[in-house]
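So the structure is just underneath, and the comments pick up after that.
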Amino acid sequence: MDIAICAGERSSIILDYLSDHDAFIIKDARKLRSIECGAIIIDVAMRGADAFQVIDEVGADKCIVIVPEHFSFLSSLFASKGAAVVQAERLFEQLPKAVLGLGDEAHRQLGDRIRRVLDEFGIRRSIRGYSCLLDAVMIAAKDKGAITSMRSNIYEPVAALHSSTPVKVERVMRFAIESAMARARVDVVVNMFGYSLREMTGKPTNSEFIARAAELVR
């Protein structure tokens, strides 16, 4: 897979790291719009073009965006558009998975199906819980047994991806689900969960939501 790299001072290091791929460096981000390649690695701090404009023009499914850890709100925005996000501070820990995901058509299609389910249920893309739920459902969809141990199989891996803690991940997921439930249409809730909702609260737990979403996208 051809990979274009436009990441400023990190470009040469990334190029060496991706020696097994047909990677090349683009110094002028404006040229990204006119090239043909399988993936594009861009730095949110790059000069010459706005990262959001590049994503809109070349397609989010081809983009890996490098974002500083303390700009978590930007990570959520890029993820909401469907781009892969890696943290600058953990670049070479997260980059292999991001490159593999972009090169895997089945992985991209699964991500698109998950986004449709989250959108239909009313999970807002602007909140952090959206991207955490996206990753959680991705894990559960690929491994049916993952849901049996939420902390070790779901919360901890997702927390690692977002440089967070399992407790915080659990909390933002719960907030996202409960916020959506407060304004969800009855027919959508019934279609997704039927009579599996807990009678006491009428709200799916994190594990119930993730398990059901995973079933819908498999």
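Just the heavy atoms: all of them, side chains too, but no hydrogens, waters or symmetry mates, feed the values below.
Qualifying side chain to side chain contact (heavy atoms under 4.5 Å, CB included) partners for E170, counting only residues two or more places apart in sequence or in other chains: Y155, R174, N206. Contacts of A7 classified as side chain to side chain contact (heavy atoms under 4.5 Å, CB included), with partners at least two apart in sequence or in another chain: I5, R10, S11, I14, D43, I66. Here D135 pairs with H162 under the side chain to side chain donor-acceptor pair (under 3.5 Å) rule; sequence neighbours left out.
Cluster membership check: I3 shares its hydrophobic cluster with F92, using side-chain heavy-atom separations under 4.5 Å among Ile, Leu, Val, Met, Phe, Trp and Tyr.
When side chains are defined from C-beta on, F209 counts as touching I123, because their heavy atoms get closer than 4.5 Å.
In terms of heavy atoms, E89 sits closest to E69 at OE1-N, 2.8 Å. Closest approach of I55 to C63, counting heavy atoms only: CG1-SG, 3.9 Å.
Side-chain atoms of S131 come within 3.5 Å of backbone N or O of R128 as a donor-acceptor pair. In this structure, the side chain of R115 engages the main chain of G111 through a donor-acceptor pair within 3.5 Å. The backbone N or O of T205 lies less than 3.5 Å from a partner atom in the side chain of E208, making a donor-acceptor pair.
Atom CE of M173 sits about 11.5 Å away from atom CD1 of I127, to the nearest 0.5 Å.
Counted within 6.0 Å of CZ on F175, heavy atoms from surrounding residues, nucleotides or ligands total 12 or fewer; the atom is thus considered open.
Between R151 and E156, at least one side-chain N (NZ, or NE/NH1/NH2) sits under 4.0 Å from a carboxylate O, which counts as a salt bridge.
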